[in-house]
Colleague: 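Next up is a structure, given as structure tokens.
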Amino acid sequence: MDKRMLLILNPSAGQRRANRVMPEIIRTMNDNGYRCEVFVTADRGDATRVTAQSAQEFDRIVCIGGDGTLNETIKGLIEAGHEVPLGYIPTGSTNDFAATLGLSMNCLSAAEDAASCEPLAFDIGTFNGRPFVYTASCGAFTRVSYSAPQSVKNTLGHFAYLLEGIRDLSSLRPYPMRVTLGSQVIEKDFIFLSVTNSTSVGGIIKLDPRQVALNDGRFEVLLVVNPTNPAQLRDIIMSLTTMEVPNDMVYFTTASRMLVEMDPDTEWTLDGERQEGAQQIEILNCHSAIHVAVPRLPHDLEEDF
């Protein structure tokens, strides 16, 4: 057992289900030839700090938690310049990135994959220099997607929950933006913007896997125009539930770099965590910046590799 693994555990993630099977998780890693060291996070930023300080001492790092814990772990790797392969045991309430990669929601199955599967390269992004794994977003769905209890999401379902986020015109706030995508400049009032490297945003908005590539050096960009009448609102809801885009109300494109100019007080979300805005925001794709151990990818995503 000459390989070393660092397990980073967020004990508060999801329903704390990983805590109950930690001995079995460690045994699974041992069976795959890894000697494990466990670090348990207590405060925001702990995963970033321990990863940046000690990643080079390990052959593999496995993150056990939600998308926020994964974000912190990768942030530590990127900031310190480490290229240690990652495993991910998703135990959060949303797990968008894990769903995109086809990772098991069963802790022990995910542990086996994290220890035994070969790492593949994936793109990540930076938001004015701050790394994010799979999504940066602002607007109508951002707060409701990540602040509502999981039980509400489960009860309402996909379409009804989407309606809850934009149920009438009076509940929507327009965000005047100037968005530069290469030589294209779009200046409009939008209600939502997302930059993703995932097939799911907040567990609510689903992108067609055939439209998403995870290692092509480009992000998927979704912009929803502010509706001014009920017919436009209905068109937006239909477009987002069927993902028949782009159209007059919903822009959908790809980009390796984008510049967003807007009200600096606008609240953003990076991988499910709150992020302060800025007057100018540069979002860059970092091609093949991380390597994650994954099982066989969903069929529609395999061609990326």
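Keep in mind that what you see is a predicted model, and the values were worked out from it rather than measured. Index from 1, following the sequence.
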Colleague: Taking atom CD1 of I89 and atom OG1 of T69, what is their separation to the nearest 0.5 Å?
Modeller: 12.0 Å
Colleague: If you measure from CG on D59 to CZ on R35, what distance do you get to the nearest 0.5 Å?
Modeller: 9.5 Å
Colleague: Relative to the ring of F219, is the ring of F132 parallel (under 30°), tilted (30 to 60°) or perpendicular (over 60°)?
Modeller: parallel
Colleague: Evaluate I8 against T41 for side-chain contact (heavy atoms from CB on, under 4.5 Å), listing each step before the verdict.
Modeller: CA-CA 7 Å; I8 299 177; T41 64; 3.9 Å; yes
Colleague: Please answer: with hydrophobic residues joined when any side-chain heavy atoms are less than 4.5 Å apart, are L108 and M105 in the same cluster?
Modeller: no
Colleague: Between N32 and E112, is there a side-chain heavy-atom distance shorter than 4.5 Å?
Modeller: yes
Colleague: Quick check on the hydrophobic clustering: are Y251 and L259 connected, directly or via other members, by side-chain heavy-atom contacts under 4.5 Å?
Modeller: no
Colleague: Any non-hydrogen side-chain atom of N215 less than 4.5 Å from a side-chain atom of S288?
Modeller: yes
Colleague: Pairing donors with acceptors under 3.5 angstrom, does anything connect the side chains of N71 and D271?
Modeller: yes
Colleague: Which of these, L284, I283, N285, sits in a side-chain contact (heavy atoms from CB on, under 4.5 Å) with T126?
Modeller: L284
Colleague: Would Y175 and L193 count as a side-chain contact (heavy atoms from CB on, under 4.5 Å) if you check the C-alpha gap in whole Å, the side-chain angles of each, and the deciding distance to 0.1 Å?
Modeller: CA-CA 9 Å; Y175 296 83; L193 178 156; over 6 Å; no
Colleague: Within a strict 4.5 Å, meaning less than it, do heavy atoms of the R44 and E72 side chains meet?
Modeller: yes
Colleague: Just wondering, do I124 and I78 contact through their side chains at under 4.5 Å, heavy atoms?
Modeller: yes
Colleague: Same cluster or not: V250 versus I237, using hydrophobic residues (I, L, V, M, F, W, Y) connected whenever any side-chain heavy atoms lie under 4.5 Å apart?
Modeller: yes
Colleague: Can you hop from F192 to L181 via hydrophobic side chains spaced under 4.5 Å?
Modeller: yes
Colleague: Under the criterion side-chain hydrogen bond (donor to acceptor under 3.5 Å, both in side chains), which of N197, T100, T196, D67 is the partner of Y134?
Modeller: D67
Colleague: How many angstroms lie between atom OG of S116 and atom CG of D31, to the nearest 0.5 angstrom?
Modeller: 11.0 Å
Colleague: Could you state whether V260 and V185 fall into the same hydrophobic cluster, counting links through intermediate Ile, Leu, Val, Met, Phe, Trp or Tyr residues with side-chain heavy atoms under 4.5 angstrom apart?
Modeller: no
Colleague: Nearest 0.5 angstrom please: M29 CE to R4 CZ, how far?
Modeller: 15.0 Å
Colleague: Could you give the distance from CG (D46) to CZ (R49), rounded to the nearest 0.5 Å?
Modeller: 5.0 Å
Colleague: How long is the span from the CG atom in N226 to the CZ atom in R173, to the nearest 0.5 Å?
Modeller: 11.5 Å
Colleague: For V225 and D248, what are the C-alpha separation, side-chain angles and deciding distance, and is it a side-chain contact (heavy atoms from CB on, under 4.5 Å)?
Modeller: CA-CA 8 Å; V225 177; D248 290 342; over 6 Å; no
Colleague: Counting heavy atoms not belonging to E83, are there more than 12 under 6.0 Å from its CD?
Modeller: no
Colleague: Around Q279, counting heavy atoms of other residues, nucleotides and ligands shown, do more than 12 lie under 6.0 Å from its CD?
Modeller: no
Colleague: With heavy-atom distances below 4.5 Å as the criterion, would you say the side chains of S54 and E37 are in contact?
Modeller: no
